[in-house]
Amino acid sequence: MQSTPRVTSDANTAADVHYFIFTYQEKEIKILAAEIDRLKNFGCLEVSPSLEGLRDENAKLKYRLNILQKSLQEERNKSVKSMININSRIQEIFRDAIKAAYPDLENPPLAVTPSQQPKFGDYQCNSAMSITKMLPKTSEQKVSPREIAENISRYIPENEYIEKVEIAGPGFINVHLRKNFVSKQLSSLLVNGVQPPAMENRKKVVVDFSSPNIAKEMHVGHLRSTIIGDSMCRLFEFVGYDVLRLNHLGDWGTQFGMLIAHLQDKFPDFLTVSPPIGDLQAFYKESKRRFDTEEEFKKRAYQCVVLLQSKSPDFIKAWKLICDVSRKEFQKIYDCLDIKLVERGESYYQDKMKDIVQEFEERGFVQMDDGRKIVFVPGGSVPLTIMKSDGGFTYDTSDLAALKQRLFEEKADIIVYVVDSGQVSTQTSALLFMLIVTRGETVRLIELLEEGLKRSMDKLKDKERDKVLTEEELKAAQTSVAFGCIKYADLSHNRMNDYIFSFDKMLDDRGNTAAYLLYAFTRIRSIARLANIDEEMLQKAARETKILLDHEKEWKLGKCILKFPEILQKILDDLLLHTLCDYLYELATTFTEFYDNCYCVEKDRQTGTIVKVNMWRMLLCEATAAVMAKGFDILGIKPVQKM
């Protein structure tokens, strides 16, 4: 008799057990899938008892395959403690039920959405109406959507998510979640922390964002790209993707010829003494004026470009000096906004551009046009110029070299370009995935950040926070509000649309603003502190106290908290970050409704002393704060304990 293997609590052993389960079930799935494909080959046979038997066997194999796939997914979820996307799970249940109810339908519609009103349950399946139109028409009486909904409901198995389903109206299926399931998920969140939803594969993602030009100031036009790109990276990193944050600096080109020529004239000893270039923007404007008005200077500037491209040591050193001055200015902005980037400017791809041109030529794609080498994109009317008549490369060549490197060397699964609208014309033909960000008024970005700091301090003093906060706490609150509000103002708007930049609006602590959310978060965090409940007590309660959801506001808040994985999945699908901002605002307002109606801490009305702490409600406060904190982290916003 074969003995049952003993499973210990050792972490390595547990990992081995999970690996064994995964491997065994994955092999079973492959075998079953192959068997199903084999049975499909009999589809051309005439109807016969043997064919009916094969169909029955096929149906049984599909059912067994489905059970194994679900079991495998459940084991994976257990091993990584990921948060459950409830909407996705409900969709899976209805997808299987519809297939079972109508096995002959090809790609039946699946429409499952959160209910808009509590009386219609928590989720609603609206597939019946669409299925009615897909059923074959016969001489028999037409099947109504309501009958279809009832038929689908019969195939919904007993499960841990759904308490009951009800048919409403012409054929809507209203879904009511189990309160015990929601309560367990909230407890899991508190014990394990806010975890990402389970991802099928760990993808390699390259995000190209910010990308200012050397010798030019960063302005508001770079703000959206920098903030949105950083937030996208934070989201990809949270769900476990391998993310490369690239800063494609404009650090090469003909403009460096005039900059180096001007450097030689203004600081002739620059090779031995570091030139005191205080204002690189002014330095650039001086060199540009000379380039436009002095013919001799213009000729020398072109000579400098040739010597730079040939990598003459003195000219490479001059180029590096100019780049270093710009980098220091850019880093001030990145430090303020807590932005991390890997620099790979246009210079990084110079040696790769020759290969790009050669490859196009070898494949016969290159055409000559007045000495230029051009390539037409299939279906396009405007060509890419990959080499100028003087033998120089273009932005098109640089973009193509960068794209090839990211695809074949970095082996990226996803490439995201977060670019300013002014760059669109040079990028469109070459890129796989374009994110268009509109440009606002050209204001020096460092001045905008400084103005934000000033205004946030004024706002805090207006609220007399300087009288209750220490100097250090006040400084932290100032930074949190200033930079948080600037980021949120960008992220809370659809990235495809323009918006009016207004400090007054973004610092308003009413409505969907960072100021409101930061104040709300600080208030939620203070509830436990004021009730003398520390982190250890909350963790103990999370393990031992059941979260009750009997009050309608408790139930509403609990469901809202658990929508977080669903929101993240939506953003991963469309990269519209304002969805997260809208969710955080919904969560904060839902919490306010809960707090106004459900006592977390009960006090004596005369003495003000704490009489009773409703710990399950304190846990709802903590779960709300935990999800808000993770949302802030993805948006790149840093809340503070006191404000």
Heavy-atom closest pair, residues [X] and [Y]:
X    : Y    : result
F209 : D230 : CE1-N, 3.6 Å
G484 : A514 : O-CB, 3.6 Å
F94  : L110 : CB-CD1, 3.9 Å
A588 : A520 : CB-CB, 4.4 Å
E586 : T589 : O-OG1, 2.9 Å
S231 : I634 : OG-O, 2.8 Å

Report task. Please name the residue in the list N597, T590, L620 that meets the side chain to side chain contact (heavy atoms under 4.5 Å, CB included) test with K553. Result -> N597
Presence of salt bridge, [Y] and [X], under 4.0 angstrom:
X    : Y    : value
K204 : D413 : no
E166 : K164 : yes
E160 : R178 : no
R89  : E566 : no

Would you say [atom1] of [X] has more than 12 non-hydrogen atoms from neighbouring residues, nucleotides or ligands within 6.0 angstrom?
X    : atom1 : result
K638 : NZ    : no
E544 : CD    : yes
Y599 : OH    : no

Query raised in the report: Quick one: salt bridge (Lys or Arg N to Asp or Glu O under 4.0 Å) pairs with a partner in residues 98-127, sequence neighbours left out?
Result: D122-K559
Query raised in the report: Should the pair Y595 and F591 be assigned to parallel (<30°), tilted (30 to 60°) or perpendicular (>60°) ring geometry?
Result: parallel
Requested in this report: With rounding to the nearest 0.5 Å, note down the distance linking OG in S153 to CD1 in I167.
Outcome: 3.5 Å
Query raised in the report: Got a second to check how far T545's OG1 is from W616's CH2, nearest 0.5 Å?
Result: 10.0 Å
Query - Cation-pi check, K179 onto W555 ring (under 6.0 Å, within 45° of axis) - result: yes
Report task. Any chance you could lay out the salt bridge (Lys or Arg N to Asp or Glu O under 4.0 Å) test for R234 and D633, step after step, and finish with the verdict? Result -> CA-CA 8 Å; R234 289 171 180 267; D633 184 58; 3.6 Å; yes
Query raised in the report: Got a sec, which residues hit ring pair (Phe, Tyr, Trp, His ring centres under 6.0 Å) with F236, two or more places apart in sequence or on another chain?
Result: Y241
Requested in this report: Measure from the ring center of Y585 to the ring center of Y516 and say whether it is less than 6.0 Å.
Outcome: yes
Report summary line: Sorted by chain and number, sequence neighbours left out, side-chain contact (heavy atoms from CB on, under 4.5 Å) with S115 holds for F120, Q124
